[in-house]
Q: 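Here's a structure for you.
Computed from a predicted structure; not experimentally measured.
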Protein chains: 2
Amino acid sequence: MARNKREEILDVALEMFAAHGYRGTSLDTIAHRVGLTRQGVLHYFPRKENLLTAILQCREEVNREHLQAGHAHEDLPGQMAAIVAHDHQLSGLTRVYGVLLGESITHGHPAQEYFRKHYATVRERMSASFAERWGDRLPSGLTPQAAATALLALLDGMQQQWLLDHTQTDQPEIIRDVLTVLLGSPPVK
Amino acid sequence: MARNKREEILDVALEMFAAHGYRGTSLDTIAHRVGLTRQGVLHYFPRKENLLTAILQCREEVNREHLQAGHAHEDLPGQMAAIVAHDHQLSGLTRVYGVLLGESITHGHPAQEYFRKHYATVRERMSASFAERWGDRLPSGLTPQAAATALLALLDGMQQQWLLDHTQTDQPEIIRDVLTVLLGSPPVK
């Protein structure tokens, strides 16, 4: 049952962080919700920050698995459309990510370093992949670095809009069309 | 001096919200910082939410004034590049906006309705302006609505990246180049 209890704690933490932010949630509240003492929770997660890290890693893994499972054969606009559609299904994980991302720029936030490194890494990796495929300029005329910055920004910014207004169900198509223009690649077959 | 005290309260609130979030900041702390009692602050701002509204309106006004003052003659990519450069100069206001935007999706947040309406309004206004100029499709092939969603997302997402890493000083050029591609308009003369 240990593994299930761990997952239960994570589920509750995710829900509470999304509703009240990381700082607005106490370990005691999480413990109470899962029927443990504070010490009981600390047995699974020695520090509150470990809950944060586990949730952020979870989102990375979920997206990676989703891509590998079904959409690796698609081009980048298609892959990103699939990621956005998937994010909308997993609204709890998407919401907590948005909340933590915003909160991370407050003073001394424990997720700040994670996001800073994560963004630098993803930008570099994406930029390198564009450069490998297209050299100094994408077919659209953008540099690999500008395209990588823009792609990341689009994903975050559209997520923010969706979190405020779930009626924006056409976001997967929008991201596919926008990325097709942004890369300047031929339309999806 | 009344007006100066009001501005002093706002400055402190802005700094504290940016550092600790709206919910992480108490009226008592703000009052202490400006040398007033809690009642003294409530004289200028009857509710804590009034501070929030005043700060959000301030950012809108600053951006509008900046655009009208110096960049109204430029095309949209140039205007947006100027907005981004200006945001980087006003880092306090930009930071508090980013923090409040993220926090606004938490449960029952007082800025949630503001952001929801603000985004819907800006998206509609921008989309209508694209439609008026280009009809059903922009030169890039995007629909006015897709372009409006993407433009807003780019501004927010790039701001988030910059807030995490101030070394990204090339963002104004990136937004100009990316928007030029996104609209499909001829390059800036």
Q: Please rank A:Met158, A:Arg116, A:Arg23, A:Gln161 by heavy-atom pairs under 4.5 Å with chain B and give me the top one.
A: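 Greatest number of close heavy-atom pairs with chain B: A:Gln161.
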
Q: Do A:Asp170 and B:Gln145 make a side-chain contact, defined as non-hydrogen atoms from C-beta onward lying under 4.5 Å apart?
A: yes

Q: Please identify, among B:Leu163, B:Leu151, B:Thr149, the residue contributing the most non-hydrogen atom pairs under 4.5 Å to chain A.
A: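 So the answer, after comparing B:Leu163, B:Leu151, B:Thr149, is B:Thr149.
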
Q: Do you know the tightest heavy-atom contact between A:Leu101 and B:Leu164?
A: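 Of all heavy-atom pairs spanning A:Leu101 and B:Leu164, the closest is CD1-CD1, 4.3 Å.
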
Q: Give, as side chain, backbone, both or neither, the part of A:Ala18 having an atom under 4.5 angstrom from any heavy atom of chain B.
A: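 Just its backbone gets close to chain B.
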
Q: Any idea which of A:Leu155, A:Val96, A:Val99, A:Thr143 has the most non-hydrogen atom pairs under 4.5 angstrom with chain B?
A: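 Most pairs with chain B among the choices: A:Val99.
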
Q: Using non-hydrogen atoms only, which part of A:Glu113 is less than 4.5 Å away from chain B: side chain, backbone, both, or neither?
A: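 Neither the backbone nor the side chain of A:Glu113 comes within 4.5 Å of chain B.
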
Q: Heavy-atom pairs under 4.5 Å with chain B are the metric here; pick the option from A:Gln112, A:Gln159, A:Arg123 that has the most.
A: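 Counting heavy-atom pairs under 4.5 Å, the top option is A:Arg123.
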
Q: Heavy atoms only, distances under 4.5 angstrom: which of B:Leu154, B:Leu100, B:Ile175 has the most pairs with chain A? Name it, please.
A: B:Leu154

Q: Heavy-atom pairs under 4.5 Å with chain B: which of A:Ala150, A:Ser104, A:Ala147 has the most?
A: A:Ala150

Q: Quick one: does A:Tyr119's side chain get under 4.5 Å of B:Asp165's, heavy atoms only?
A: no

Q: Side chains of A:Asp156 and B:Asp156, heavy atoms from C-beta outward: is any pair under 4.5 Å?
A: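 Not touching, per the 4.5 Å side-chain cut-off.
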
Q: Heavy-atom pairs under 4.5 Å with chain A are the metric here; pick the option from B:Ala120, B:Ala146, B:Gly141, B:Ala19 that has the most.
A: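 Going by pairs under 4.5 Å, I would pick B:Ala19.
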
Q: Any idea which of B:Leu152, B:Val178, B:Ile105 has the most non-hydrogen atom pairs under 4.5 angstrom with chain A?
A: B:Ile105

Q: Do A:Gln160 side-chain atoms and B:Ala153 backbone N/O form a donor-acceptor pair below 3.5 Å?
A: no

Q: Using non-hydrogen atoms and a 4.5 Å limit, figure out which bit of A:Glu103 sits close to chain B: side chain, backbone, both or neither.
A: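 Contact with chain B is absent: no heavy atom of A:Glu103 under 4.5 Å.
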
